[in-house]
Amino acid sequence: MPKRLKTPLSEEDARGLRAGETIYLDGVIYTGRDEVHIHALEHLEHGKKIPVDFNRATLFHCGPIMKKVDDKWFVVAAGPTTSSRMNSLEPQFIEQFRPGAIIGKGGMSQPTVDAMKKYGCVYLAITGGAAVLAAKGIKNVQGVEWYELGMPEAIWIMDAYNFGPLTVAIDAHGNSLYADVGVKIKANEPKARERLGLK
Amino acid sequence: MVTEADIQNAVVELLRKTVVRLPSDVEQALNKAYETETDEVPRMQLKAILDNIDLAKKGNTPMCQDTGVTIFYVTLPKECKVDVEKGIIEGVRRATKEVPLRPNAVHPITRKNPGDNVGDRMPYINWKVGDKDYIEITVMTKGAGSENMSALAMLTPSAGLKGIKEFAISTLLRAGSNPCPPTIIGMGIGGSSDICMKLAKEALLRPLDQRHADPEIAKLETELYEAINMLGIGPMGLGGKTTMLGLNIEYAYCHTASLPVAINVQCWAGRRGNVRIYPDGKTTFPTHEG
């Protein structure tokens, strides 16, 4: 049976997960992508407070489609965005705000893997493009912050229920499925090149 | 007579169908990929994709939150008195609210988002005049995760076919897990730098099961398809047999001193749609029949 965990994840929760495991989440998750990272770090630099507490929280690299009906927000589609765009900001973000989990797709580079190991954070992969499936796991939208950044770039505060399946793709011990696949790709490359008549 | 309102309505319907349902060739390729995979991780990824496709159809909901930017290809009849451009722009504006689409179009520097997917040169429209009596509008709703992995190389003629293959494999190795594989690859060869990029995108409009009419190009399509799938990047870059669902190439003659080659990367959600608007205002949707 896949594990089912409640957010926010304690450091113990996060360190108890291993790359390759499948899990489901319940509890609050925050969306945040390019602009949220830039904005949050700028706020910090200027000594300003940010509107949510990311400590041990679950950050979802996602720019959803939302719909407002009678003053209440609903999720239409909420799949992950490409996490690697946040590669240059994530290590600093993790160090400063200490999230417990980051949900995204495509994986992240070594400095982020290192920061996750140091601060006890995990990277959970959810299938890219499967946005209706993901939206099924969001039971309520609590609200939105930084809406002025635009619908895809705002912080959406969502209540997740049985959200997943999520693959632990980078764990808090320095293991990364993407790095493992990378080794296999390197080994496969000569065969592919041979098929093309390249050296 | 076709009115601007007819164009608007057709565009809203076209965008709704396009973001909700995949063309049959793409869905078939995904089903085949699921049958081909044997390991648990890639099967789980493809299962999520297939489940999601069904949920989107049942709920009449966009399959992916990234409903892209709207790239249009329009073929006008020789005589056309209606303002097709205005109809398309207003259609995009309405579809953003009614479908809904995610408001993706922003100013490139200020990043200000007008909220309706309309701005300078967006929607982008490619025009042609044809010999039919209907207006044909094709749209690609192009997401950024895959588009960001696209690339152009201005090779020297001496680099030749090997150079083209080298560029293809290195571009897709670099793209890796980022563009939501299994991907669909559009390649442009020849022309000038801008023509080559355009051809790469247009190549994505051809169904996956149709090879190029030129046997040499068809052979290159098959070779690259097989070779890239040997890399093992797999669905979502988590490993597996299916890195790519298909690869199409379009070419143009080029200057004797140059060899442009371009790659446009499309995620598994290869959303394209078209509508024909007849003189009496009736419409058909060839990519989304049934």
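Scope of the values below: all heavy atoms of this structure, side chains included, with no hydrogens, waters or symmetry mates. Here the structure is a predicted model, which means the values were calculated and not measured. Below, read A as the first sequence line, B as the second, and so on, with proteins coming before strands; counting in each chain starts at 1.
For the residue pair N178(B) / S84(A), a side-chain donor-acceptor distance below 3.5 Å is found, with atom types taken as modelled.
Chain B forms more heavy-atom pairs under 4.5 Å with one residue of A78(A), G150(A), G107(A) than with any other, namely A78(A). Counting heavy-atom pairs closer than 4.5 Å to chain B, the top-ranked of the candidates V75(A), V76(A), L149(A) is V76(A). Between chain A and the residues L55(B), L173(B), L220(B), L46(B), the largest count of heavy-atom pairs under 4.5 Å involves L55(B). Of the residues considered (L231(B), I53(B), T243(B)), L231(B) shows the highest number of contacts with chain A, using heavy-atom pairs under 4.5 Å. Note on A77(A), C62(A), G106(A), A130(A): by heavy-atom pairs under 4.5 Å with chain B, the leading option is A130(A). When the candidates L101(B), D66(B), I169(B), I49(B) are compared by the number of heavy-atom contacts under 4.5 Å with chain A, I169(B) comes out ahead. The greatest number of non-hydrogen atom pairs below 4.5 Å with chain A, out of S146(B), G239(B), C64(B), G145(B), is found for C64(B). The residue among P100(B), G143(B), G176(B), A168(B) with the most heavy atom pairs within less than 4.5 Å of chain A is P100(B).
Although no hydrogens or angles enter the test, the distance criterion places a donor-acceptor pair under 3.5 Å between the side chain of Q65(B) and the main chain of G79(A). In this structure, R102(B) contributes its side chain and G63(A) its backbone to a donor-acceptor pair below 3.5 Å. A distance-only check finds a donor-acceptor pair linking the side chain of N52(B) to the backbone of G129(A) [under 3.5 Å].
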Checklist entry - Run the side chain to side chain contact (heavy atoms under 4.5 Å, CB included) check on N188(A) and M230(B) step by step: do they pass? => result CA-CA 7 Å; N188(A) 290 333; M230(B) 289 166 112; 5.7 Å; no
Next on the checklist: Under the criterion side chain to side chain contact (heavy atoms under 4.5 Å, CB included), I'd like the reasoning laid out for L196(A) against K162(B): C-alpha separation, chi angles, the key distance, then a yes or no.
Outcome noted: CA-CA 8 Å; L196(A) 295 172; K162(B) 279 196 171 168; over 6 Å; no
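To the nearest 0.5 angstrom, S170(B) atom OG is 9.0 Å from E189(A) atom CD. Rounding to the nearest 0.5 Å places CG of L133(A) at 14.0 Å from CE of M63(B). Remark: L238(B) CG to T127(A) OG1 distance equals 8.0 Å, nearest 0.5 Å. Atom-to-atom distance recorded for M236(B):CE and T167(A):OG1 is 11.0 Å, nearest 0.5 angstrom. Distance CZ/R195(A) to CG/N229(B): 11.5 Å, rounded to 0.5 Å. In this structure, the separation between OG on S177(B) and CG on L177(A) is 11.0 Å, given to the nearest 0.5 Å.
Residue contact with chain B, scored on non-hydrogen atoms closer than 4.5 Å, involves the backbone and the side chain of V132(A) alike. Residue A269(B): no heavy atom, backbone or side chain, is found under 4.5 Å from chain A. With a 4.5 Å cut-off on non-hydrogen atoms, K136(A) touches chain B through its side chain but not through its backbone. With a 4.5 angstrom heavy-atom cutoff, S83(A) does not touch chain B via any of its atoms.
Residues K165(B) and R193(A) are not in side-chain contact: their nearest non-hydrogen atoms beyond the backbone lie 4.5 Å or more apart. Annotation: side chain of I233(B) is not in contact with side chain of V181(A) (no heavy-atom distance under 4.5 Å). The shortest distance between side-chain heavy atoms of C180(B) and T82(A) does not fall below 4.5 Å.
The number of heavy atoms from other shown groups lying within 6.0 Å of CZ (F74(A)) is above 12. By the 6.0 Å contact criterion, CG on D120(B) is open, its count of non-hydrogen atoms from other residues, nucleotides or ligands being 12 or less. In this structure, K139(A) places its NZ atom where more than 12 heavy-atom neighbours from other residues, nucleotides or ligands lie under 6.0 Å away. At most 12 non-hydrogen atoms from other residues, nucleotides or ligands lie less than 6.0 angstrom from CD of E194(A). Remark: K117(A) NZ is loosely packed, at most 12 non-hydrogen atoms of other residues, nucleotides or ligands lying under 6.0 Å away. More than 12 non-hydrogen atoms from other residues, nucleotides or ligands lie less than 6.0 angstrom from NZ of K72(A).
Shortest non-hydrogen contact noted between P103(B) and P152(A) is O-CG, 3.6 Å. When all heavy atoms of K105(A) and P179(B) are compared, the closest pair comes out as NZ-C, 4.5 Å.
Ion pairing between R111(B) and E153(A) fails under the 4.0 Å rule for side-chain N and carboxylate O.
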